[in-house]
Amino acid sequence: TFEGIRKFVGTIVDSGAIPIVMGGDHAITWPCATAVADHYGHGKVGIVHFDAHADTGTDMPGSLASHGTPIRKLIESGAVPGRNFVQVGLRGYWPDRETLDWMDEQSMRTHFMAEINRDGFDKVLERAIDEALDQADHLYLSLDIDVADPAFAPGTGTPEPGGLTSIDVLTAVRRLAAEVGIVGMDVVEVSPPYDDRGEITALLANRAIREALTGIAMRRKGITERDYLHPYALGKGKDSQGNDRNQVFRTKPSPSL
Ligand SMILES: [Mn+2]
């Protein structure tokens, strides 16, 4: 299966397109990111990895290629070296000390929720963007939906309380796609059978992909400035008659009201 995924994603990236892969569990990041690294060169691709979990295990109950091991596989194979990883949102009772030491030896850059809670998400996102710009010729984005708090994404296999808000996730994806630029992306760990409360997990995954597409479009239009927002999104700007929008909203309520 993995070889099939690697070949298929390779076909997409070789055509010049940007593969956006919807999982499925996180194991697929191994073949997907390998295919992207095959195209751009092993060691040339960086990954910003949003996740509650580091996914750097040696194995999970007997399986060497499970959803807890893809990051270690990418590092050990040489496709994506440890120093090319920027991880955001880690929390919970894992990894153990031995695994954390191994991650340090690989020079991985990790941002735990503790840092985000202390300094605020905006500051940590700035650090992650700086690290992504510094480390990678080509950026791959891996979004494990469980990086979001279970309040925003309950439909996932290994929920971990104390995570990001949905607006944190959406903002981060758009900014990375616009300001750094991405060559590939996956969104993983959405589990429809567990998503029975208004399908909010699937909605978040869908919107994250739309934000990525928006960021890609912004970059193609040359909009790569830091934290760009369209004037209309800020409540400024002119309407088609040249009136200030705020002025119009204040002085001319819609007739339908
Ligand atoms: Mn994961």
Side-chain angles (χ1 to χ4, degrees), residues 1-2 5-6 9 19-37 45-77 79-80 82 84-96 99-100 102-103 106 108-114 116 124 128 132 139-150 152-164 166 168-169 172-173 176 182 184-195 201-202 204-205 208-209 212:
T1 301
F2 282 3
I5 295 171
R6 180 177 173 173
V9 173
I20 297 181
V21 183
M22 287 170 265
D25 85 23
H26 217 154
I28 64 163
T29 298
W30 181 25
C32 291
T34 298
V36 172
V45 174
I47 297 185
V48 174
H49 169 213
F50 292 95
D51 203 329
H53 316 93
D55 289 4
T56 46
T58 50
D59 68 287
M60 266 182 82
S63 170
L64 294 171
S66 78
H67 76 158
T69 62
I71 307 306
R72 186 178 285 250
K73 290 290 178 193
L74 285 164
I75 292 171
E76 285 181 342
S77 73
V80 184
N84 287 18
F85 273 93
V86 181
Q87 298 186 298
V88 180
L90 307 189
R91 61 190 187 272
Y93 50 82
W94 192 86
D96 54 22
T99 308
L100 284 170
W102 181 85
M103 289 163 63
Q106 310 306 314
M108 298 180 73
R109 287 176 274 198
T110 53
H111 299 281
F112 289 82
M113 278 308 299
I116 294 168
V124 176
L139 177 65
Y140 182 97
L141 210 56
S142 184
L143 173 61
D144 185 324
I145 206 71
D146 71 27
V147 76
D149 191 273
F152 300 94
T156 192
T158 49
E160 188 63 49
L164 299 181
S166 46
D168 291 338
V169 172
V173 168
L176 284 160
I182 61 173
M185 178 180 182
D186 61 55
V187 182
V188 294
E189 298 287 331
V190 176
S191 175
Y194 294 158
D195 198 22
T201 316
L204 178 57
I209 290 169

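All values reported here derive from a predicted model rather than from experimental measurement. For ligands, and for the atoms within them, numbers begin at 1 and follow the listed sequence.
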Checklist entry - Does D55 bring an N, O or S atom to under 2.8 Å of the Mn ion (ligand 1)? => result yes
Checklist entry - Is the distance from the Mn ion (ligand 1) to some N, O or S atom of E189 under 2.8 Å? => result no
Checklist entry - Yes or no on side-chain contact (heavy atoms from CB on, under 4.5 Å) for L141 and F50, after CA distance, side-chain angles and deciding distance? => result CA-CA 8 Å; L141 210 56; F50 292 95; 4.0 Å; yes
Checklist entry - Do I5 and C32 pass the side-chain contact (heavy atoms from CB on, under 4.5 Å) test, and can you show the C-alpha distance, the side-chain angles, and the key distance before you say yes or no? => result CA-CA 7 Å; I5 295 171; C32 291; 3.7 Å; yes
Item to check | Which N, O or S atom of H26 lies nearest to the Mn ion (ligand 1), by name | outcome: ND1
Checklist entry - If only atom types and distance count, is the side chain of D59 paired as donor or acceptor with the main-chain N or O of L64 below 3.5 Å? => result no
Next on the checklist: Between H26 and H49, is the ring centroid distance below 6.0 Å?
Outcome noted: yes
Item to check | Lys NZ or Arg CZ of R72 over W102 ring: under 6.0 Å, within 45° | outcome: yes
Next on the checklist: With rounding to 10 degrees, what does the angle D51:OD2 / the Mn ion (ligand 1) / D144:OD2 come to?
Outcome noted: 90°
Next on the checklist: Tell me whether the Mn ion (ligand 1) has H53 as a neighbour, meaning an N, O or S atom of it below 2.8 Å.
Outcome noted: no
Checklist entry - Does any N, O or S atom in D146 come within less than 2.8 Å of the Mn ion (ligand 1)? => result no
